[in-house]
A.B. asks: 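Take this structure first; my questions come after.
Quick caveat, the model's predicted, so the values are computed rather than measured.
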Amino acid sequence: MKKCYFIVIIFSSFFVFGQKARVADATTLEDIEKYLRKSKEFKTSQIDSSLFFVNKAITLSQKIKDVNVNAKLRAHKAGILIVTGEYEEAENLLNQNIKLVKIDSQILGMTYNNMGNLFHYKQDFENAVKYYVQASNILTQPENIAVLSKAFANIGSIHARLGNSEKAILYMTKALDNVGQDDRLKMQVLANLSGVYYDEKNVDKAITVSHEAEELAKTYKSVSVLGLIYSNLCRYYLYKEKYNTAIEYGKKALSIKKNQNQNTSIVTNNLGYAFLQNGKNGEAIYYLNLSLPVAKGELRSLVYNNLSQAYQNKGDYKKAYEYLEQNIRVKDSIDIQAQREKVDELTEKYESEKQQQRINLLRTKDDLNQSKLKEQRNLIWALAIFVLSTIGLGIMIYRNQKINLLLNTSKIQNRLLQTQLNPHFLFNALNSMQGFNYSDEKKKLSDYINSFSKLMRSILESSDQDFITIEEDAQALTEYINLQRLNADEQFTASVTITDDLNQHTQIPPMFTQPFVENAIIHGMKNLKNGAIDITYSKKDENLILLIRDNGKGFSTESLENSEKLHRSMSVDILKERITNLRKTLGYKCEIRTNSGDTGTAVTLIFPLRQKKLGVSLKHG
């Protein structure tokens, strides 16, 4: 009896101990959740307090050693460390979660989302989007909808930074559709979405969305978010020219930002501008002077400009002139820096383009060789079939193979010819920019860079196309003429006209018209004052007629093939080969007629009418 009693006692003791352990674990979990809630509550307002409470929760979690609880706390702490800029520690915590073999899907999704946040803060947008997409793929269950909403919000935020407004609105709207009861997240998404609407010039929508965010920020006492919203509303109402309302929100934003020790230069400049528009020059000068000490770059230029206007309104023309001079100096420094950056960027692109074209040339030649080898193999098979079959069937197959070889060769040669045209323009343009830079002609350099950038983009976009629209061709010619006029100190005039009877989707081959315009400028306008070039696109019967006419000295012969005076960029042989290849590959016949005399030269290009095929463009979110 005694022995049995002892066993019963031992069993009962273990049972009671197990009950106490479970009660202790439950109590610890409650405390952990309490600290975690506190940490989340302070995350948008008092980041130090948020970190303090999550650390307390992590200390408690060591007692229960629950994998999911610890992973959840690590993910949350990493989110706080990302905001404070401690990226290495944050990444280490998140990688610990990713390496776990088994983890709750919601926690894993939150981990990937925070990893996206990490790369987002580090300006590595490609990796950020990659992790956000991984998060959204995991968080497909209804219970994970809140974290899924965060992933969508973050993807939208990246698209907003990159200027992809349409996709930014799409993903932020998805975030709002899935936000559920998370009003804090809804508040942040609405605040960001208002900025995207403003960038799209949908200011009424931006204001409506901002006021929605404002109500939520007031509810949750999110002071920093409220400061951002008021600053945005000040800017939006300035755009609407409702200056009193702009002043009201600007003052609210200024009060909050001062208390938060945040930069107030944008708000004070906007307030100064609002008072300036209201005719209150004294108040305008007061706020603009608050902005000036920390304003930099374009903002500083705006402040100087507003101060100059305010003093001019007050009749203090001396100070108005002083601030105007300072504004000009700031603008000049900004322009010079921007021009240097553009020249560096264009030079780098030019070198890269040259290298890429060498690669393309080698690839094209390799394609040509491969095509020839393939056709030769097919020819051998054709001959074998010819031997085994009838003579007539063999001849038909042989001819078919020969035609395929000719077509493939023509297409590849056409690609080679187009590839060889681009470097000439880039080389000449960079030489011209360098000349303007050395002679310190800033305005010309700026105009030249602007036209050259547009022309280069047009060339790059059309380099892999067989046809472009006449609008695109006319725009490219316009930019090219602008460059040449700058080189010639604008000693000649030029006009590019598309007649009303032509459809805007009418197409011609790319890089076809420019050599004739170049010849008219280099030879026709040489040593000529009051020179003029007229370029007209018109329709006659079923043909597109492009007439390039100049009032230059002309040349003696009317034969394009026999003219030795044409500039080498005309590359007659290349043009003839392109015409031949277009006829062989696409059945597209072109004709060139030239008439030259003492009163000038007229080149007529005749193309068959061809319309661009319009399809339905599907946009994916």
Side-chain angles (χ1 to χ4, degrees), residues 25 28-141 143-158 161 175 182 184-185 188-189 222 224:
D25 284 353
T28 303
L29 280 172
E30 286 180 7
D31 289 340
I32 289 171
E33 286 299 322
K34 180 181 71 175
Y35 288 134
L36 186 57
R37 282 195 302 273
K38 283 278 188 183
S39 179
K40 289 179 179 178
E41 181 182 336
F42 286 113
K43 188 175 178 182
T44 57
S45 56
Q46 300 177 34
I47 199 72
D48 290 338
S49 299
S50 180
L51 190 60
F52 170 77
F53 283 114
V54 76
N55 281 333
K56 291 201 73 168
I58 288 172
T59 302
L60 282 177
S61 71
Q62 304 305 315
K63 297 179 181 179
I64 58 174
K65 300 188 184 301
D66 185 294
V67 173
N68 283 317
V69 170
N70 282 282
K72 183 178 181 180
L73 293 172
R74 277 195 296 268
H76 179 72
K77 182 177 180 180
I80 299 170
L81 294 173
I82 290 167
V83 175
T84 59
E86 298 172 72
Y87 301 138
E88 188 174 348
E89 186 180 351
E91 188 170 3
N92 180 50
L93 290 171
L94 295 171
N95 279 325
Q96 288 181 50
N97 283 3
I98 292 171
K99 290 175 183 177
L100 291 173
V101 177
K102 195 171 183 181
I103 185 174
D104 180 80
S105 63
Q106 185 177 20
I107 298 170
L108 184 59
M110 185 167 65
T111 297
Y112 278 121
N113 187 65
N114 279 347
M115 190 68 90
N117 290 341
L118 172 67
F119 285 105
H120 193 164
Y121 270 78
K122 292 168 73 174
Q123 305 291 302
D124 185 348
F125 298 127
E126 185 177 346
N127 274 317
V129 170
K130 181 183 77 173
Y131 281 108
Y132 286 146
V133 170
Q134 282 183 281
S136 64
N137 289 337
I138 293 169
L139 303 166
T140 55
Q141 300 302 317
E143 62 270 19
N144 299 330
I145 207 73
V147 188
L148 176 61
S149 179
K150 289 181 182 178
F152 285 143
N154 290 328
I155 295 174
S157 177
I158 287 180
R161 273 177 175 249
D182 192 347
R184 292 179 185 275
L185 177 60
Q188 293 169 348
V189 175
S222 298
S224 59

A.B. asks: What's the separation between atom NZ in K38 and atom CZ in F52, rounded to the nearest 0.5 Å?
C.D. replies: 11.0 Å
A.B. asks: Are any side-chain N or O atoms of N113 and backbone N or O atoms of G109, one a donor and one an acceptor, separated by less than 3.5 Å?
C.D. replies: no
A.B. asks: Counting only heavy atoms not in Q123 (residues, nucleotides, ligands), do more than 12 fall under 6.0 Å from its CD?
C.D. replies: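 Atom CD in Q123 is crowded, with more than 12 foreign heavy atoms closer than 6.0 Å.
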A.B. asks: What pairs with S49 under side chain to side chain donor-acceptor pair (under 3.5 Å), at least two apart in sequence or on another chain?
C.D. replies: Q46
A.B. asks: Give, for atom OH of Y87 and atom NZ of K122, the distance between the pair rounded to the nearest 0.5 Å.
C.D. replies: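 One gets 8.5 Å once the value is rounded to the nearest 0.5 Å.
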A.B. asks: Using a strict threshold of under 4.0 Å (side-chain N to carboxylate O), is an ion pair present between K40 and E33?
C.D. replies: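 Judged by the 4.0 Å cut-off on N to carboxylate O distance, E33 and K40 do not form a salt bridge.
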A.B. asks: At their closest point, which heavy atom of N68 faces which heavy atom of D104, and how far apart are they?
C.D. replies: OD1-N, 2.9 Å
A.B. asks: Evaluate the side-chain proximity of Y112 to I98: yes if any heavy-atom separation is below 4.5 Å, no if none is.
C.D. replies: yes
A.B. asks: Which residues pass the salt bridge (charged side-chain N to carboxylate O under 4.0 Å, His left out) test with E89, sequence neighbours left out?
C.D. replies: K77
A.B. asks: Quick one: does Q62's side chain have a donor or acceptor within less than 3.5 Å of a partner on I58's backbone?
C.D. replies: yes
A.B. asks: Do the ring centers of F119 and Y131 come within less than 6.0 Å of each other?
C.D. replies: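 Yes: the rings meet the under 6.0 Å criterion.
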A.B. asks: If only atom types and distance count, is the side chain of Y132 paired as donor or acceptor with the main-chain N or O of N117 below 3.5 Å?
C.D. replies: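 Present.
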A.B. asks: Taking it one step at a time, do K130 and M115 satisfy side chain to side chain contact (heavy atoms under 4.5 Å, CB included)?
C.D. replies: CA-CA 10 Å; K130 181 183 77 173; M115 190 68 90; over 6 Å; no
A.B. asks: Report yes or no: does N55 contribute a side-chain atom to a donor-acceptor pair with the main-chain N or O of L51 at less than 3.5 Å?
C.D. replies: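 Yes.
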A.B. asks: Which heavy atom of H120 sits nearest to which heavy atom of A128, and what is that distance?
C.D. replies: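 Shortest heavy-atom separation between H120 and A128 comes out as N-CB, 3.6 Å.
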A.B. asks: Let's go through S39 and I80 carefully: what are the C-alpha distance in whole Å and the side-chain angles of both, what is the deciding distance for side chain to side chain contact (heavy atoms under 4.5 Å, CB included) to 0.1 Å, and is it a yes or a no?
C.D. replies: CA-CA 9 Å; S39 179; I80 299 170; 3.5 Å; yes
A.B. asks: Given side chain to side chain contact (heavy atoms under 4.5 Å, CB included), test H76 with N114 step by step and report yes or no.
C.D. replies: CA-CA 8 Å; H76 179 72; N114 279 347; over 6 Å; no
A.B. asks: Do the side-chain N and O atoms of N92 and N95 include a donor-acceptor pair separated by under 3.5 angstrom?
C.D. replies: no
A.B. asks: Considering all heavy atoms of both residues, which atom of L73 and which atom of A57 are nearest to each other, and what is their separation?
C.D. replies: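 In this case the closest contact between L73 and A57 is CD1-O, 3.6 Å.
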A.B. asks: Between I103 and V67, is any pair of side-chain heavy atoms under 4.5 Å apart?
C.D. replies: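 Of all side-chain heavy-atom pairs linking V67 with I103, none is under 4.5 Å.
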A.B. asks: When rounded to the nearest 0.5 angstrom, what is the spacing between NZ in K99 and CG in L94?
C.D. replies: 11.5 Å
A.B. asks: Going by side chain to side chain donor-acceptor pair (under 3.5 Å), S61 matches just one of D66, N70, D31. Which one?
C.D. replies: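 That would be N70.
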A.B. asks: Side-chain contact, heavy-atom cut-off 4.5 Å: Q106 with K72?
C.D. replies: no
A.B. asks: Distance check, rounded to the nearest 0.5 Å: E86 atom CD versus L93 atom CG?
C.D. replies: 10.5 Å
A.B. asks: Could you tell me the separation between the CG atom of L36 and the CG atom of L60, rounded to the nearest 0.5 Å?
C.D. replies: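 Answer rounded to 0.5 Å: 11.5 Å.
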A.B. asks: When rounded to the nearest 0.5 angstrom, what distance separates CG in L81 from CD in E88?
C.D. replies: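 Reported value, rounded in 0.5 Å steps: 11.5 Å.
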